[in-house]
Participant: 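One structure, as structure tokens, below. Some questions next.
Letters A, B, ... mirror the listed sequences (proteins, then strands); counts begin at 1. Since the model is a prediction, treat every value here as computed from it, not as a measurement.
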There are 2 protein chains.
Amino acid sequence: MVTIYDIAEHAGYSIATVSKALNNKKVSEKARRKIMEAVEELHYTPNSSARTLATNKSWMIGVVFGENLGIGIAHPFFSQVIEGFKKHVELYNYDLLFVSRHMGLQQETYKHLLHRGVDGIVIIQSHGEDEISQVDHMIPTVYIDRPTDEPGTVYSDNHAGSRLAVNHFVENGHTKIAHIRGNQTTFAGIERAKGFEKAMKEQGLTVRDEYLVDGGFYSQAGGREAMIRLLSLKDRPTAVYVAGDEMAIAAMKVTKEWGLRVPEDISFIGFDDIKIAQHVDPALTTIRQDKELIGQKAAIILLDKINSIDPTQEVDKKMVPVSLIKRDSVHRLA
Amino acid sequence: MVTIYDIAEHAGYSIATVSKALNNKKVSEKARRKIMEAVEELHYTPNSSARTLATNKSWMIGVVFGENLGIGIAHPFFSQVIEGFKKHVELYNYDLLFVSRHMGLQQETYKHLLHRGVDGIVIIQSHGEDEISQVDHMIPTVYIDRPTDEPGTVYSDNHAGSRLAVNHFVENGHTKIAHIRGNQTTFAGIERAKGFEKAMKEQGLTVRDEYLVDGGFYSQAGGREAMIRLLSLKDRPTAVYVAGDEMAIAAMKVTKEWGLRVPEDISFIGFDDIKIAQHVDPALTTIRQDKELIGQKAAIILLDKINSIDPTQEVDKKMVPVSLIKRDSVHRLA
DNA sequence: TTGTATGCGTTATCAT
DNA sequence: ATGATAACGCATACAA
């Protein structure tokens, strides 16, 4: 391996001068030129471990996935958020380190991140349990979709999303509206359910107990289960607001299997706007999360933290807006 | 930061003994116990940069994405392959480093990986141009979907896939079979097209020039374009084998837009079996790539290379089998 | 078994 | 402007 010693010798300067030249500090033009020549000739590449050791700065950001589907990076929502995150931090020359899960033990994961010396951590997880405890955080951290008031968390405006959904149903003449909730230990699940009940109240509608069913962790299996419970009711709803697209798609599917028409008999609105949503039949009307923006916002907040820029000024921007994507899964009642 | 010096002092041993204990080398039981106690008490975490510097081993594997869609990690095929890869290397305590693209300049990317001191590299890219030149590879590398005979590349059995598709069409009475090719600078695109022509020949069928159209880089836009060319023909094919699911989905869509029925008027078979495939209408019959296995196989090969295990014994296993997933997009001709 | 000393490649302090 | 040297945290050859 070629080091700064080789460069120093080859260029006729000391390693101190070489280091300075390499880091754009003050050196003579002549020195800079000769050193750069040597760098080219010897194909010198700096060693990041040595640099990290000396500067205590790794230029790496640790990524922690916590999802219950077991699909990790391939998660339809998370992957897009992370891509948005990555695109932004790349601009500042950070690389992303995806660490192994350590058997799901978050505390171990954090230790590992500490071991790696990452400059920051982004945590994106659907479930609320077994989290890294706040106290231990010596490393700047940003969360996606997690309940906390401190700056350092980014999430969609779930309440607005629920209101958008309910209002859209109401505008189309629906009153018998059900909600398939996300698991009620997850932040998103809780907030969307809360928002649903609030929006219903605003519309002067009552939400019946049997119209509130739990779909679990946003999987198709969970959505199917939940929908079956709804379909088994004597008095079925005419509209179902589902806390996640995957669940919504499964719900539509089982509804059709039961011989009912979608959306004529039962209308659906999902949440997320994952890519599949536009391809199912009927195309799913849904609340779109701006995944790119969520990722980018998280990146901005984290970078601010890393650079000790007070992020409180950004605190009100941590919630990113959602939008209603109208497609074909909502029927207008006569 | 707490170092082995602190542990040494606290436990009453030298740093050498501490280091040995930490690395499970021979030390007395008593020493090990006292040292581990100190580790617990002081919350010691080893510094990976220092270790990497001393051992010249980073326990990181660099990941290089090269895709033309601009969606990076969110790529429906790549993300699943990488997840399979990750699951396997995790078992051996490797972390994954996603490096920034450096403006698409692969040579720069490689330098960056060198700078990072990764133990190995996995390259997964759809296009053939602007690759890292083989010569420079001091770092063990494995490719996904790339043409080379040397051990160190993994890809699906594209020829078999094409044969599966053609035969399935033929079994259902089709003879006027077209092929929407992937870009002909990509390995997958080339191989699937070759396989198609070969399979057609085997079936005693001729492939007409106008039934061979290019869909570009596997995007929906490209698939749509290509299909329009097919639809514009006086004598349309009754079956279309499409080199990628995304393209196939767009092709089906535009076919329906033209007022034709799928699959009654035109049948389709795709390639990949991405998640969306089962949700489109009609559900897409396709050639499934075993993404998980591709990732795992790549991981095994790379790990072998890293550990200097001669991978030639594995060379015949570098091609992973594909399978025909029958769904609803192929019509049986009377 | 345990300890001493040195090296890994870089940055940074302090002289010159 | 440039250079000698210590420091970063750890592993290891060699001594003891």
Participant: Five pairs per end, C1' atoms only: what is the angle between the end axes of the helix from C:dT1-D:dA16 to C:dT16-D:dA1, to 10 degrees?
Facilitator: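 End-to-end axis angle for the helix from C:dT1-D:dA16 to C:dT16-D:dA1: 40°, rounded to 10°.
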Participant: List in chain and number order the residues that pass salt bridge (charged side-chain N to carboxylate O under 4.0 Å, His left out) with A:E37, two or more places apart in sequence or in another chain; answer none if no residue qualifies.
Facilitator: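 Applying salt bridge (charged side-chain N to carboxylate O under 4.0 Å, His left out) to A:E37 gives A:R33.
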Participant: Report the residues that fulfil salt bridge (charged side-chain N to carboxylate O under 4.0 Å, His left out) with A:E29, sequence neighbours left out, ordered by chain and then residue number.
Facilitator: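 Testing A:E29 for salt bridge (charged side-chain N to carboxylate O under 4.0 Å, His left out), a comparison that skips the adjacent residues, returns A:R32.
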Participant: Mind checking what makes side chain to side chain contact (heavy atoms under 4.5 Å, CB included) contact with A:E191, not counting sequence neighbours?
Facilitator: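 Testing A:E191 for side chain to side chain contact (heavy atoms under 4.5 Å, CB included), a comparison that skips the adjacent residues, returns A:N158, A:H159, A:F187, A:K194.
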Participant: Does anything in residues 45-63 of chain B pair up under side chain to side chain donor-acceptor pair (under 3.5 Å), and if so which pairs, sequence neighbours excluded?
Facilitator: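 Of all non-adjacent pairs touching residues 45-63 of chain B, those that pass side chain to side chain donor-acceptor pair (under 3.5 Å) are B:K57-B:Y94, B:S58-B:D119.
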Participant: Under the rule for ring pair (Phe, Tyr, Trp, His ring centres under 6.0 Å), what residues qualify as partners of A:Y5, not counting sequence neighbours?
Facilitator: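 Counting only residues at least two positions away or on another chain, A:Y5 forms no ring pair (Phe, Tyr, Trp, His ring centres under 6.0 Å).
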Participant: Reading DNA chain D 5' to 3', which nucleotide is the first, and which the last, to come under 4.0 Å of any heavy atom in chain A?
Facilitator: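 Endpoints of the contacted stretch of DNA chain D: D:dA1 to D:dG9.
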Participant: When the ring planes of B:H112 and B:H115 are compared, do they come out parallel, tilted or perpendicular, using 30° and 60° as the limits?
Facilitator: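 Aromatic pair B:H112/B:H115 classed tilted.
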Participant: Using the test side chain to side chain contact (heavy atoms under 4.5 Å, CB included), find all partners of A:L96 that sit at least two apart in sequence or belong to another chain.
Facilitator: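 A:L96 satisfies side chain to side chain contact (heavy atoms under 4.5 Å, CB included) with A:I61, A:V63, A:I82, A:F85, A:K86, A:V89, A:F98, B:F98 only.
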Participant: What string of B, S and - do you get for nucleotides 9-16 of chain C 5' to 3' if you count protein non-hydrogen atoms under 4.0 Å?
Facilitator: BBBB----
Participant: List the residues meeting side-chain hydrogen bond (donor to acceptor under 3.5 Å, both in side chains) with B:N183, not counting sequence neighbours, and say none if there are none.
Facilitator: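 Counting only residues at least two positions away or on another chain, B:N183 forms a side-chain hydrogen bond (donor to acceptor under 3.5 Å, both in side chains) with B:T185.
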Participant: Can you list the residues that meet the side chain to side chain contact (heavy atoms under 4.5 Å, CB included) rule with A:H10, with sequence neighbours excluded?
Facilitator: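 A:H10: side chain to side chain contact (heavy atoms under 4.5 Å, CB included) contacts with A:A38, A:E41, A:L42.
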Participant: side-chain hydrogen bond (donor to acceptor under 3.5 Å, both in side chains) with B:S156: which residues, sequence neighbours excluded?
Facilitator: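 Listed in chain order: B:Q289.
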